Amino acid sequence: MEDSSYIVQLLIGVFFTAASVPLFRLAGRSGELPERMLGWCFLCFGLSYLFYETPFLPGLEALLTPFSFIARLITGAGVIAVALFTWQAFRRDDAWAKWLAIGSGVSIAIGDAMSPFWGDWEGFMALSNPFFWFEWAGQTVPLAWICVEGFMHYRRARKRARFGLGDSTVANRFFLWGMFGLAQTGAMLTVVPMNIDYELHGSFAAWSDSLIGAFEGLSIVMIWLAFFPPALYRRFLERARAEGAAEGSRP
Amino acid sequence: VTSKLFDFAADCLERHSTLDRLEARGTLRIALKIVGLDVKRLTGEQMAVIFEQVLPGELEKRGIEDARAICSTVMKDVARAPELAAADASDDADAIFRRLGRDS
């Protein structure tokens, strides 16, 4: 890990953990599953960062292997939660979506359970641990699914907004959610050459560290704008909506 | 799987026009796609937009005469069956994402 980049990673963990709180509060009020699942996803992602990065603090190096394994388990739980969210929010009526969510969970569980038998507690050994790929596929597919559903619903929501149905702010939220999925998928794709490089040379290449950092940064910004938009962004959306409405009413 | 409201509206469209069952359902599906709606979950408001703004043009394109009058008749039939729209009005992605942004 480069210099003190673990501090940035810890802050990302704190962000995700904090982002889960209002979602759990919302779930408590509404009693609905989607916000509860999203809350669990963010909480798990946040905690996994904390477990991954804590051993990089001075004097805690000995915790690297156990904490990495715990972080993997928590990350897997977070991805299962987001797969359940996607199924419930976008494809509740589709049996294939239910099986995709379940299949992803099973794949992650197999990967996590079997990797230690190959001596790969940290989940880094893409070349010598065949079960690395179970975990990787089980995590990558739901994240790519987020991306596909986000952009697909963004396109549909924009069409609806043109006919006075729906809300352009919600359409924008679908777009941001799709971008979050894209960033997460990008990070998962980067993990493959990064881990292969690690297994071959014993260290992570700086380029892959930077690329994953960029994807993580993009993810944070998307979540912030989508679910906790600052006043400036809300004003920007309002202005865009007003301009769109004026354009639509022109003869 | 299609919504009950879709099935009902397609049946009405078939009954009041010269379209056969397949044509009526197909034309209605095309109209839904133009507006970006899901055939599995529809509300009365969405159906009204379809029959007022989109379907008259789509029927005219297919050589159906009195398209606007047909759409108006179908809408009256649909309005008499509010329970069908209510059955479809469960939480969709729009409602979930609106809630996530507004309340959290």
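Letters go in sequence order (proteins before strands), and every chain restarts at 1. Since we're looking at a predicted model, the values are computed, not measured.
Looking only at distances, a side-chain donor or acceptor of Arg160(A) sits under 3.5 Å from a matching main-chain atom of Gly36(B). A donor-acceptor pair under 3.5 Å is absent between the side-chain atoms of Lys159(A) and the main chain of Leu37(B), judged by distance alone.
Atom CG of Leu165(A) and atom CD of Gln53(B) lie 7.5 Å apart (nearest 0.5 Å).
When the options Arg92(A), Arg173(A), Glu32(A) are evaluated for a side-chain contact (heavy atoms from CB on, under 4.5 Å) with Ile96(B), the one that passes is Arg92(A).
The number of heavy atoms from other shown groups lying within 6.0 Å of CH2 (Trp99(A)) does not exceed 12. No more than 12 heavy atoms of other residues, nucleotides or ligands lie within 6.0 Å of CG in Asp66(B), so this atom counts as exposed by the packing criterion. Annotation for Arg62(B): atom CZ counts as buried by contact number, over 12 foreign heavy atoms lying within 6.0 Å. Heavy-atom contacts from other residues, nucleotides or ligands closer than 6.0 Å to CH2 of Trp145(A) number more than 12.
Looking only at side-chain heavy atoms (C-beta outward), Val54(B) and Phe163(A) come within less than 4.5 Å of each other. The shortest side-chain heavy-atom distance between Asp94(B) and His153(A) does not fall under the 4.5 Å cut-off.
Proximity to chain A is limited to the side chain of Val49(B), based on heavy atoms less than 4.5 angstrom apart. For a residue to count as touching a neighbouring chain, one of its non-hydrogen atoms must lie under 4.5 Å from one of that chain's; by this rule Phe24(A) does not touch chain B.
Shortest non-hydrogen contact noted between Ala93(B) and Phe90(A) is CB-CD2, 3.8 Å.
Aromatic pair Phe97(B)/Tyr154(A): ring centres not closer than 6.0 Å.
Under a 4.0 Å N-O distance rule, the pair Arg41(B)/Asp93(A) qualifies as a salt bridge.
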